[in-house]
Amino acid sequence: MILAGLSNLSGISTLAMAIGQQITMKHIVGTWIAAFLTICIFSFLYDDNPLYKFAEHLFVGVSAGYIIATTYRNVMVPNLYGNIKTGVMILVKTGSFQWQYLSFILAGVMGIMLLMKLVPKFNWIARWPLSFMVGTASGLGIVFTMEALVLKQVDATLVPLLVRTASNSIQWSSTVQNWFMVLGVCSGLIYFYFSKEHKGLFFGTFSRIGIYVLMMAFGAAFGYTVMARVSLLIGRMLFFRDQWWPVFKATFGIEG
Amino acid sequence: MFEKLQNLDRRWIFLFVLLSVIIPLLFPLGLKLHTSPPVEDIYNYIENLPEESVILVSFDYGPSTEIELNPAAKAVVRHAFRKKIKVVTMALWPMGAQMSQNVMKEVAEEFDAEYGRDYVNLGYKAGGSVLLLSLKSGFAQQFPTDVNNVPLSDLPLMNKVKDYNNCALVVSLSAGVPGIREYVLIVNTQFGKTMAGACTAVTAPEMYTFLNSGQLMGLMGGLKGAAEYEKLVGIEGNARKGMDAQSVVHLVIVLFIILSNIIYFVGEYRRKRME
Amino acid sequence: MRREIPMAITTITGVIMIVVFFVPMWGHWSDIFLKWFTVIAGFALVLGAGSLLLVNLNKISRKASGWGYNVILILGLFVMAGLGIFQGIKPGTPYDFIFRYIFTPLSATMFSLLAFYIASAAFRAFKAKSPEAALLLITAFVVMIGRVPIGEVMWNWLPWAKALPLTTIIEDWVMGCFNTAGQRAIMLGASIGIISTSLKILLGIERSYLGGGE
């Protein structure tokens with residue numbers, strides 16, 4: 001029946017959709033494939049089964065293929081091949097050695113050295129480029145993390161503990177929020193300080209407050225996580241309502 | 001009864017969740033949506049940008065979070081095009097390259113925006129924060145070509161957009177790492193660029209620290225944040241369409257948790273009485 | 001020398017990055033390294049895909065149970081990579097077709113399964129067994145209900161709704177204050193951890209990234 005419907009459509013290249021878009025043959029076939037694969041994945045909710053396994057493996061394979069192609073098109077071609085080509089052309093035409101372009105030969109060599117990780121006998125060669133990447137990331141990590149995530153965040157915690165309005169009266173909401181912020185951050189950090197036992201008036205009390213503050217943060221995080229996961233499911237259901245259903249109607253020639 | 005509920009087959013819960021998504025999508029409740037200050041701040045900032053300004057939009061997500069971030073992306077780009085603001089896109093995630101191609105194509109067709117003059121897609125580059133740092137001396141340093149290997153010199157917009165300094169706003173649409181965090185680390189903190197973010201709901205709580213410290217000017221958290229922006233821009237996109245279902249599922253999950261707690265406390269009470 | 005040279009490379013590149021941060025006029029030292037990084041990070045992604053390929057080829061050659069699925073994985077990999085490399089990645093290409101109609105639904109549905117599992121897990125495990133757990137539960141409730149339109153509707157039934165809007169409670173108090181304080185404490189702790197680990201790497205104390213063996 002589906003095939004009959006599709007063959008009916010093949011005569012006319014497009015059909016006007018209720019929402020004003022065009023349904024092409026490609027879109028119809030694609031949407032049916034997408035719907036089938038979506039059902040394959042959802043079938044896991046009942047139990048593990050061959051359809052799910054098929055979709056799961058296809059997903060992993062296509063993901064890896066996607067990464068290879070995008071990296072090739074967006075990184076290797078312009079950044080590696082493009083730079084080396086420019087450097088070689090300048091060298092051939094003018095005889096001038098342009099380090100800024102030709103040095104990418106070294107980057108390419110390091111990249112190939114990294115791929116040696118796949119050859120057990122020579123995987124030690126991959127340590128060189130790996131060390132380069134780890135060293136660069138660590139060096140940058142120290143300075144940028146310190147500035148953006150430590151100093152700026154500490155700065156944002158150093159807030160006035162008595163906030164006044166323009167008419168010099170106390171603004172209670174901001175004042176209480178600021179007290180909570182300072183106490184919350186400090187007690188949270190005390191909770192994470194494991195070199196001293198969390199006992200006694202100072203460490204005991206503040207680590208206890210720290211737990212409560214962290215629990216509130218985890219609660220908010222949980223609420224938002226639920227929101228995120230539900231959104232993903234809504235996305236799939238919207239696909240069935242807004243994309244697959246019009247295609248279904250077009251396939252079987254259902255009006256309205 | 002209580003034992004039965006305690007050992008309820010998870011598939012019943014799955015069915016309830018599925019129905020509470022499907023029913024509001026088929027029969028919308030039309031619940032009123034309110035906007036929040038972090039989203040309004042982004043809207044007002046873009047609204048007040050002069051014509052011909054340029055914004056940099058980074059697609060740092062993949063299809064797995066498409067429903068949360070595509071609506072935000074489309075709403076921001078629509079807002080920009082409506083205000084005659086130019087858009088340059090790039091991606092820190094490999095999947096972001098294709099996401100941005102599809103989003104930009106759809107919105108550009110709506111506004112008759114011309115590629116190369118009104119918007120440019122730089123594509124994906126690996127490296128995260130290291131890449132962002134290397135762009136300090138110009139986009140062309142790392143992006144000699146656009147996403148489809150067209151040299152930047154052939155794209156008129158890129159003749160006036162050389163580096164971060166030419167961008168009035170940087171927006172990261174982020175599903176994790178690399179994403180908003182890396183932009184805050186480098187583009188905001190090192191180069192002082194005004195940053196806004198749209199993120200998945202999972203990462204939103206962490207992003208509030210950047211919002212509080214002023215490192216982010218505004219934030220769209222999850223589908224709700226995107227729905228708010230859609231409302232401000234005046235469009236009925238996927239985010240707004242999903243809000244009723246989102247409400248009902250949240251309510252159902254809260255009721256499930258309350259029910260499970262009642263079962264737990266009744267069970268505890270009975271156990272103690274038996275002892 | 002198989003460990004010493006890589007350690008020296010790590011220290012030298014790391015120190016250059018730090019020095020350049022404090023002396024920006026020597027930025028040209030690091031500029032070329034940053035550009036190389038992008039290329040090498042690209043190879044790292046290819047390495048990941050290559051590793052996946054080897055594992056699956058190994059399973060197929062051993063005829064391990066379910067090896068047919070590994071064939072599907074490899075086919076998917078080669079078809080997608082081949083189309084992208086040889087025919088381009090523009091909208092409208094076969095590569096884009098697979099991205100839109102195969103990769104996107106697979107990816108989005110795979111992650112949407114979590115909606116069911118998080119609901120089921122919440123039903124089974126989310127109990128107010130202690131004051132801490134109760135606090136977590138209450139905050140989660142407030143966020144789950146308060147961040148969706150139905151929360152606004154319910155809040156507006158209350159007599160004080162006009163004086164105290166729900167948006168103020170959620171944005172200023174729950175997310176902007178309680179959540180931010182906790183998240184900031186976590187962020188500061190994690191950042192100090194990142195800095196100390198990076199320092200240990202540059203000083204050669206932390207060497208696990210080099211892997212085992214000589």
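Hydrogens, waters and symmetry mates play no part in the numbers below; they use all other heavy atoms, side chains included. Residue numbers begin at 1 in each chain, while the letters A, B, ... track the order of the sequences. Keep in mind the model is a prediction, meaning the values are calculated, not measured.
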Where on [X] is there a heavy atom nearer than 4.5 Å to chain C: the side chain, the backbone, both, or neither?
| X | value |
| --- | --- |
| A/Tyr224 | both |
| A/Ile41 | both |
| A/Leu58 | both |
| A/Met227 | side chain |
| A/Ala148 | neither |
| A/Phe239 | neither |
| A/Leu106 | side chain |
| A/Phe144 | side chain |
| A/Asn83 | neither |
| A/Glu147 | side chain |
| A/Ser187 | neither |
| A/Met146 | both |
| A/Ser131 | both |

Under 4.5 Å, counting heavy-atom pairs only, tell me which of [options] racks up the most with chain C.
| options | result |
| --- | --- |
| A/Tyr66, A/Tyr72, A/Phe222, A/Phe192 | A/Tyr66 |
| A/Lys26, A/Met113, A/Lys117 | A/Lys26 |
| A/Ser174, A/Ser231, A/Ala217, A/Cys186 | A/Ala217 |
| A/Val150, A/Val154, A/Ile125, A/Val230 | A/Val150 |
| A/Ile190, A/Leu183, A/Thr145, A/Ile67 | A/Thr145 |
| A/Gly141, A/Ala126, A/Gly139, A/Pro129 | A/Gly139 |

Taking all non-hydrogen atoms of both residues into account, name the closest pair between [X] and [Y] and its distance.
| X | Y | answer |
| --- | --- | --- |
| C/Leu202 | A/Gly135 | CD2-O, 4.1 Å |
| A/Gly30 | C/Phe97 | CA-CZ, 3.6 Å |
| A/Met216 | C/Thr139 | O-CG2, 3.2 Å |
| A/Met181 | C/Gly176 | CE-O, 3.5 Å |

Do [X] and [Y] have side-chain N/O donor and acceptor atoms under 3.5 Å apart?
| X | Y | value |
| --- | --- | --- |
| A/Arg229 | C/Tyr117 | no |
| A/Arg236 | C/Ser112 | no |
| A/Thr70 | C/Tyr95 | yes |

Against chain A, work out which of [options] has the most heavy-atom pairs shorter than 4.5 Å and name it.
| options | result |
| --- | --- |
| C/Met175, C/Met144, C/Glu132 | C/Glu132 |
| C/Val143, C/Thr109, C/Thr10 | C/Thr109 |
| C/Trp173, C/Phe22, C/Tyr209, C/Phe111 | C/Trp173 |
| C/Leu52, C/Leu77, C/Val15 | C/Leu77 |

A/Arg127 side-chain N/O to C/Pro6 backbone N/O, donor-acceptor pair under 3.5 Å: no

Tell me, for C/Glu206 versus chain A, whether the close heavy atoms (under 4.5 Å) come from the side chain, the backbone, both or neither. neither

What part of C/Asp31 gets within 4.5 angstrom of chain A, counting heavy atoms only: side chain, backbone, both, or neither? neither

So, A/Phe54 versus C/Tyr69, ring centres under 6.0 angstrom or not? no

